[in-house]
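In what follows, a single structure is set out as structure tokens and then discussed.
Reminder, nothing fancy here: chain letters follow the sequence lines and each chain counts from 1.
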Number of protein chains: 2
Amino acid sequence: MRPLSHPKIEHITVEGILYALADPVRARIFMELASAESAKNCSTFLGACGGGVSLPKSTLSQHFKVLREAGLVYSERKGVEMHNRTRCAELREKYGALVGGIVAGYAAQWDNLF
Amino acid sequence: MRPLSHPKIEHITVEGILYALADPVRARIFMELASAESAKNCSTFLGACGGGVSLPKSTLSQHFKVLREAGLVYSERKGVEMHNRTRCAELREKYGALVGGIVAGYAAQWDNLF
DNA sequence: TTAATTGTTCTGCATATATGAACTATAGTA
DNA sequence: TACTATAGTTCATATATGCAGAACAATTAA
């Protein structure tokens, strides 16, 4: 299993961020990580991610990979689990309101549905 | 040729916006439309879009279609041409800083490259 | 060693994207 | 009414990408 790759902040791109967050499942994962008190592992999302959709773990793993490679999430192995946290602080410093605006947009959109 | 479809503001989604703008070519087109004084037609972008990349008109047409269906651009036939303008005002009203944040992000990213 | 748990990678299939070719729509001109 | 030119869309298809089951890898515990 090759080591996880996390882009340096200077290699993170706007298109990468938008691509990653254009998928509602990934956006949900990211937002749950962002609002979590501590790092969460993938399996947290196995049961039902957001709208009650349950996904196979291979699909979830791919989604985490996309978030990681876009520079949105930092993942670290802790024993048998993977601990994931967002890179919001770095991103805010580099891109200002970009990520926050997206999260706010989704929050507004989804609040009306539940 | 079936009539162009423009989503009503209430059918525009965050994921649609992000998907459309996750493509640098489309982002470039959108930003050029946004900063244009008047509506521009597709062929304006035929020669070279942004980074000097020249695309076939069928591809450009598809990109415009994506922008239109995402609710980012409004297109209107004027004679043989198509006049395109952004829907920034509506979008700002519905989504606040979402689109502006994205545009600012790309602007910052691209300013460093030219 | 064996088993259990967590997550990744591989693989086949299904969907999506890009582009040349063909087509449609409008305007101008004879 | 042709015929031509221009702007853009749609079609066909080859390529690329995404999803999910199966196999694999890494760690922990018994």
Side-chain angles (χ1 to χ4, degrees), chain A residues 1-6 13 15-16 18-30 32-33 36 38-51 53-70 73-85, chain B residues 1-6 13 15-16 18-30 32-33 36 38-51 53-70 73-85:
Chain A
M1 212 177 278
R2 62 192 81 128
L4 302 178
S5 72
H6 295 96
T13 64
E15 56 268 38
L18 298 191
Y19 167 76
L21 294 180
D23 183 304
V25 170
R26 284 194 293 262
R28 239 293 165 214
I29 292 172
F30 179 78
E32 293 201 21
L33 289 178
S38 60
K40 302 180 81 169
N41 62 347
C42 294
S43 301
T44 312
F45 302 93
L46 255 181
C49 178
V53 187
S54 169
L55 295 171
K57 63 180 183 171
S58 65
T59 303
L60 270 179
S61 178
Q62 298 285 1
H63 282 317
F64 272 93
K65 184 182 181 188
V66 170
L67 288 169
R68 227 171 11 238
E69 295 185 344
V73 161
Y74 185 79
S75 311
E76 211 173 359
R77 175 156 225 138
K78 278 288 190 324
V80 78
E81 302 181 343
M82 207 70 130
H83 282 198
N84 300 285
R85 70 188 71 248
Chain B
M1 213 175 276
R2 61 192 82 130
L4 302 178
S5 72
H6 295 96
T13 64
E15 56 268 39
L18 298 190
Y19 167 76
L21 294 180
D23 183 303
V25 171
R26 285 194 292 263
R28 229 345 130 190
I29 291 173
F30 179 78
E32 294 202 19
L33 289 179
S38 59
K40 303 180 80 168
N41 61 347
C42 295
S43 301
T44 311
F45 302 93
L46 256 180
C49 179
V53 187
S54 167
L55 295 171
K57 62 179 182 169
S58 63
T59 304
L60 270 179
S61 178
Q62 298 286 2
H63 282 318
F64 272 92
K65 184 181 180 189
V66 171
L67 288 169
R68 229 170 10 238
E69 296 184 345
V73 162
Y74 185 78
S75 311
E76 211 173 358
R77 176 159 225 131
K78 280 285 191 318
V80 287
E81 303 182 340
M82 207 70 130
H83 282 199
N84 300 285
R85 69 188 72 249

Side-chain heavy atoms of A/D23 within contact of A/H63, under 4.5 Å: yes
Could you give the CD-to-P distance, from B/E81 to C/dT26, as a whole number of Å? 14 Å
For A/H83, what residues pass the ring pair (Phe, Tyr, Trp, His ring centres under 6.0 Å) criterion, not counting sequence neighbours? none
Take the protein atom CG of A/N41 and the nucleotide atom P of C/dT8, then report the distance between them rounded to whole Å. 10 Å
CZ of B/F64 versus P of C/dT19: gap in Å, rounded? 15 Å
Between C/dT8 and A/R68, is there an OP1 or OP2 to side-chain N/O distance shorter than 4.0 Å? yes
Smallest heavy-atom separation, A/L21 atom then A/R26 atom, equals CD2-O, 4.5 Å
Specify the closest pair of heavy atoms between B/K40 and B/T44, including all atoms of both residues, with the distance to one decimal. CE-CG2, 3.2 Å
Spatial distance of atom CG (A/L33) from atom CZ (A/F45) [nearest 0.5 Å]: 4.5 Å
Donor-acceptor pair, A/R77 side chain versus A/G79 backbone, under 3.5 Å? yes
Whole Å only: how far is the CD atom of A/E76 from the C1' atom of C/dT6? 16 Å
Bending between helix ends of the helix from C/dT1-D/dA30 to C/dA30-D/dT1 [5 pairs per end, 10° resolution]: 0°
Separation of A/E76 CD from A/H6 NE2 (nearest 0.5 Å): 8.0 Å
Sugar-phosphate or base contact per nucleotide [nucleotides 19-30 of chain D; S, B, -; heavy atom under 4.0 Å]: SBBB--BBBS--
What residues, two or more places apart in sequence or in another chain, satisfy ring pair (Phe, Tyr, Trp, His ring centres under 6.0 Å) together with B/Y19? none
Indicate the atoms forming the closest heavy-atom contact of B/G16 with B/A70, along with that distance. O-CB, 3.6 Å
Grab the CG-C1' distance between A/L4 and C/dT9 for me, whole Å please. 13 Å
So which atom in B/C42 and which in B/L60 form the shortest heavy-atom distance, rounded to 0.1 Å? O-CD1, 4.2 Å
Write out a two-atom table: protein N or O, nucleotide N or O from nucleotides 13-17 of chain D, distance below 3.5 Å.
none

Contacts of A/S58 meeting side chain to side chain contact (heavy atoms under 4.5 Å, CB included) (sequence neighbours excluded), chain-then-number -> A/P56
Here the distance between atom P of C/dT8 and atom CG of A/L60, to the nearest Å, is 10 Å
Show each protein N/O and nucleotides 28-30 of chain C N/O combination with a separation under 3.5 Å, one pair to a line.
none

With sequence neighbours left out, write down each residue that passes side-chain hydrogen bond (donor to acceptor under 3.5 Å, both in side chains) with A/S75, or none if nothing qualifies. A/R68, A/N84
Sequence-distant partners of B/E15, side-chain hydrogen bond (donor to acceptor under 3.5 Å, both in side chains), two or more places apart: A/Q109
